[in-house]
Each structure stands twice: as C-alpha cells, then as structure tokens.
J.: 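Quick one: the structure is below, questions incoming.
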2 protein chains.
Amino acid sequence: MLKVDTKTKILDAAEKLFAQKGFDAVSLRNIVEIAKVNLAAVHYHFGSKQALLHKVVSRRFRPINKERLNMLENARNKAGKNKLKLEAVLESLFFPIFRAQANPKAGISFTRLIGRVVFDRNKELQKFMLSELTEVIIQFSKAFDEALPNLEKTEIDWRSHFMAGAMAHTLCNADLLSDFTKTNANDSELEITVQRLIDFTAGGFRAKVSKTPNTKKR
Amino acid sequence: MLKVDTKTKILDAAEKLFAQKGFDAVSLRNIVEIAKVNLAAVHYHFGSKQALLHKVVSRRFRPINKERLNMLENARNKAGKNKLKLEAVLESLFFPIFRAQANPKAGISFTRLIGRVVFDRNKELQKFMLSELTEVIIQFSKAFDEALPNLEKTEIDWRSHFMAGAMAHTLCNADLLSDFTKTNANDSELEITVQRLIDFTAGGFRAKVSKTPNTKKR
DNA sequence: TAATGTTTTAAACGATCGTTTGAATTAATG
DNA sequence: CATTAATTCAAACGATCGTTTAAAACATTA
C-alpha cells in the first residue's frame with residue numbers, strides 16, 4: 001500500500017462527510033479528524049472550505065461529464081443520418097454518473113453529494129456547478145431537440161427539468177429506495193437502475209402535451 | 001393591521017430563511033433579527049432550533065396533506081366503480097402543494113423549503129417528515145396500485161420515487177426554471193405547471209418496462 | 001389594587017466555527 | 001553538505017453558534 005498524499009486524504013474525507021451531512025453541517029475539524037491530517041493543511045492545500053468543496057466536486061464530476069459527452073458523440077455516430085434516439089441520449093447522461101456510484105473508490109458518497117448539490121442554494125456553489133456543466137447543457141439540449149423534433153422548445157426545457165429532478169433524487173436518495181423496494185441500487189443493479197430511469201424519463205419526454213384546462217389570463 | 005404574535009413572527013422569518021439558505025446555514029440570531037423578537041423567545045416558544053424547524057414544516061404541510069387526501073377521496077368517488085385515473089391521482093398529489101406556492105402568504109418560501117427537505121439528510125428531520133407523510137404514502141401508494149393494475153409493485157415504487165424527484169426539484173428550483181424557459185412558475189401559471197408535471201410523470205408511469213440488456217448476475 | 005401567571009428582555013454560558021500565524025519538520029536542489 | 005523550498009504542526013485569533021439564566025415587563029385574575 002503506497003502512501004496517500006495529504007491532498008487526497010482531505011478530498012476523500014470531505015467527499016464522504018459532505019455527502020453524508022451537507023456542506024454547512026460539516027466542519028473542517030470533522031474532516032481533518034477523518035483524514036488524519038492537520039487542520040491548517042486544508043487552507044494550505046485548498047485555500048478555503050468553499051474552495052475545497054469545489055475541488056471535491058470537480059475531481060469526480062469532470063471525468064464524468066467528459067464521458068457523458070463522449071457517449072453522446074458515439075450515439076450520434078452510431079445514429080449516422082438517422083434520427084438520434086432519445087434513449088441513447090438519456091443513457092449518455094445517466095450511465096457515467098451512475099457508474100461512478102457503483103465504483104467502490106468513489107463510492108456512493110460522491111453521487112449522493114451531486115444529488116445534494118443540485119438542491120443546495122449556496123450561491124457560489126451554484127455558479128460553480130453551472131460553469132462545470134456548461135458544455136453538457138449545451139450539447140444535451142441540442143441532442144434533446146434532435147431526438148424530439150415534434151416537441152416545442154419550451155416543453156423540452158420543462159421536461160428536462162423534471163428529468164433532472166428524477167435523476168438527482170435517485171442519485172441522492174438511492175438508499176431510501178432500496179429500503180423501499182428490497183432491491184439494492186448498487187453493484188450489478190446499476191444497469192437495471194439506469195434502465196428504469198431511462199424508461200421513466202423517456203416516457204415522460206414522449207408524453208402527449210395536454211392543453212391546460214382553461215387559460216383564463218391573457 | 002392587527003398585531004402579529006411572537007410565535008408567528010418567528011415562524012414566518014424561519015420559513016423564509018430556511019428556504020433561502022437551509023437549516024444549518026441559518027442561525028437563530030438571523031431569524032430573530034428578521035422577526036424582530038428577542039433571541040430567547042425562540043427557546044421559550046419552541047424549545048430548540050430543531051423543534052422550530054419541525055413546526056415551520058408542519059404548520060403548512062399538514063393542511064396540504066389533508067387536502068391531498070381529500071382530493072384523492074373525491075377522485076375516488078368521481079371514478080365510482082370505474083378504474084381510478086392516474087392523472088387524477090397525480091393531480092391530487094401535486095395541486096395542493098403547488099397552490100401553496102402561489103399563495104402570497106405562504107409564498108414560494110415554504111414549497112422551496114419542502115423541496116429542500118426532501119434532499120436533506122438531517123436524520124431527525126427525515127424521521128419527522130416520514131411521520132408527517134405516513135397517511136399520504138399509504139393512500140397514494142394504494143391509489144397508484146389501482147390506477148396502474150398492469151404494473152408490478154416494484155416498478156410502481158421505483159417510478160413513484162422518480163416522480164417524487166421531479167416534483168421536489170420543481171418545488172425547490174422553480175426559479176431556475178423560469179430563467180430558463182421565460183415562463184414564470186407562479187400565479188396564473190400554477191395550473192399550467194401542474195399540468196406539465198402531470199403529463200410528464202403520467203407518461204413516465206405508463207412507459208413500457210424494458211427488460212435489462214443482460215441480467216448476468218444470478 | 002394586590003397577587004399570580006405569562007411573556008419579553010439583556011446578558012452570559014461553554015462550545016465550536018473558519019481562518020491565520022510562525023515555528024518545526026521534511027524534501028528537493030545546488 | 002549547505003541552502004532553499006515545500007509541507008506539517010500546535011496554538012491561537014476573533015466571531016458566531018445554540019442554549020440558559022434570572023430579572024424586568026406585561027397581562028390576567030381575585
């Protein structure tokens with residue numbers, strides 16, 4: 001077993017604790033206790049608690065988002081001149097991050113953290129997340145447009161929003177669900193979970209758009 | 001304008017701040033400053049910060065959950081001996097809480113708070129929320145079973161989970177979405193938002209269940 | 001009005017927070 | 001080996017946290 005450097009020890013401990021309890025509920029002293037490093041090491045290596053959080057996120061999120069874009073590119077190539085398939089777009093979006101969940105090294109901690117982050121209203125964090133996701137948002141927005149040529153742009157945006165909620169909740173609260181359904185949402189069940197999420201969200205995207213009961217205003 | 005009692009002033013301020021920044025990020029001193037009451041009043045009236053949070057939630061959540069059950073009961077009666085309609089079940093679940101969002105008194109604060117709470121990993125809060133939702137979970141679980149007689153129980157549970165994520169995200173991050181789509185998710189748009197969420201989630205519930213590519217394990 | 005119960009208040013409690021400092025230690029470089 | 005740079009460390013900084021106390025102010029009832 002080779003020596004793990006201080007930076008990594010801090011990142012691992014912070015990842016675990018932030019995912020478990022949230023950013024504000026975790027102190028740097030909690031983190032250095034788990035990481036078994038000195039308190040001042042956090043500021044030496046990362047500068048601040050907020051900067052540490054950003055590093056915790058980007059360390060795992062960047063490779064995941066790269067792979068999302070790769071998978072989408074592959075799906076495009078495979079489709080050729082045929083229409084891009086909605087299920088392929090969704091799989092490109094879900095699979096890389098859910099596979100990170102099954103990875104014993106990153107573990108369930110990180111994906112849970114990502115789920116939490118989506119619902120966190122830490123302004124700096126939101127700005128940071130948006131910047132990390134810029135390219136993914138652009139490319140997948142285009143992809144949804146292509147895969148759903150008969151759906152209005154506004155509706156696509158709303159349904160992308162709903163889809164993001166379903167995904168985030170599943171990432172964050174997978175444990176609640178396994179209590180619920182007796183199936184465990186990890187390991188070999190990974191593909192099944194992703195397939196279930198694809199089925200549901202694809203069904204949602206393809207649902208008929210009903211006109212509202214009465215648009216009294218305007 | 002009649003005098004607002006201290007308890008209500010604290011509840012209102014806490015609701016606003018918890019929704020804005022989250023439980024851990026808000027101090028009692030932040031709350032009493034907004035509420036314009038003495039710091040010790042919080043413990044005098046509520047006992048602790050955690051107990052205050054529970055009260056903030058239950059004050060608005062209980063009437064909402066009562067109305068959800070009422071609407072579900074009405075939907076059942078209207079259906080008579082016909083099969084309960086999925087859209088009616090979903091509307092019973094969504095409408096009462098989204099209407100609270102449009103209510104200028106409760107405002108967007110509370111629903112955002114509820115959205116956040118779903119993703120919060122405060123153990124005591126989770127237990128409390130579960131106890132507040134017991135009857136709703138029982139009745140709506142039954143209703144989904146009735147409305148989807150051809151869908152396996154396990155699949156219903158998973159899809160209920162996805163649906164909850166879509167709902168929570170919409171409650172919590174409605175503002176992000178209105179930036180996105182230029183439509184505003186309040187006021188007269190209430191019915192439209194709910195209808196969109198019904199369309200999406202109903203489509204998800206009704207989607208075909210695809211067998212996983214290969215169930216290698218087992 | 002006197003007595004009793006309820007609510008509000010200022011002040012302090014010990015604990016913990018993120019961050020900074022400067023010296024001790026280790027690693028790298030000439 | 002000497003010197004410089006990088007890292008670790010114990011200790012402390014001021015600020016803020018949730019909670020408690022006990023007296024003051026107010027309201028209610030006899």
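First the proteins, then the strands, lettered A, B, ... as listed; each starts at 1. Computed from a prediction, not measured in an experiment: that's the story for all the values here.
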J.: Using atom NE2 of A:His43 as one end and atom C1' of C:dT20 as the other, report the distance to the nearest whole Å.
T.: 8 Å
J.: Reckon A:His45 has a side-chain N or O less than 4.0 Å from the OP1 or OP2 of D:dA6?
T.: no
J.: What is the distance, rounded to the nearest whole Å, between atom NZ of A:Lys49 and atom P of C:dT19?
T.: 8 Å
J.: Would you say A:Thr6 places a side-chain N or O within less than 4.0 Å of OP1 or OP2 belonging to D:dT8?
T.: yes
J.: Once you measure the plane-to-plane angle for A:Phe140 and A:Phe144, does it fall in the parallel (<30°), tilted (30-60°) or perpendicular (>60°) bin?
T.: tilted
J.: In terms of the angle between their ring planes, are A:Phe162 and B:Phe200 parallel, tilted or perpendicular, with boundaries placed at 30° and 60°?
T.: tilted
J.: In whole angstrom, what separates A:Leu39's CG from D:dT8's C1'?
T.: 12 Å
J.: Can you figure out which of D:dT8, D:dT21, D:dT19 approaches the side chain of A:Tyr44 most closely?
T.: D:dT8
J.: Given salt bridge (charged side-chain N to carboxylate O under 4.0 Å, His left out), test B:Asp12 with B:Lys7 step by step and report yes or no.
T.: CA-CA 9 Å; B:Asp12 289 343; B:Lys7 243 171 144 169; over 6 Å; no
J.: B:Phe46 CZ to D:dG18 P: how many Å, rounded?
T.: 15 Å
J.: Measure CD/A:Glu33 against P/C:dC17 and give the value in whole Å, please.
T.: 10 Å
J.: Rounded to whole angstroms, how far apart are CG on B:Leu28 and P on D:dA15?
T.: 21 Å
J.: Between C1' on C:dT8 and CD1 on B:Ile10, what's the gap in Å once rounded to a whole number?
T.: 11 Å
J.: Select from B:Arg29 and A:Gly47 the residue whose nearest nucleotide in DNA chain C is closer to the 5' end of that strand.
T.: B:Arg29
J.: Let me know the distance between CG of A:Asn38 and P of C:dT19, rounded to the nearest Å.
T.: 15 Å
J.: Taking any heavy-atom pair under 4.0 Å as a contact, classify B:Val26: base, sugar-phosphate, or nothing.
T.: sugar-phosphate
J.: Cation-pi check, A:Lys49 to A:Phe23: give yes when NZ or CZ is under 6.0 Å from the six-membered ring centre and within 45° of the ring axis, no otherwise.
T.: yes
J.: Checking contacts here: which listed nucleotide (C:dC17, D:dT19, D:dG18) is nearest the side-chain heavy atoms of B:Ser27?
T.: D:dG18
J.: So what does A:Ala40 hit on the nucleic acid, given a heavy-atom distance under 4.0 Å: a base, only sugar-phosphate, or nothing?
T.: base
J.: Do A:Asp157 and B:Arg196 pass the salt bridge (charged side-chain N to carboxylate O under 4.0 Å, His left out) test, and can you show the C-alpha distance, the side-chain angles, and the key distance before you say yes or no?
T.: CA-CA 11 Å; A:Asp157 286 343; B:Arg196 283 194 168 109; over 6 Å; no
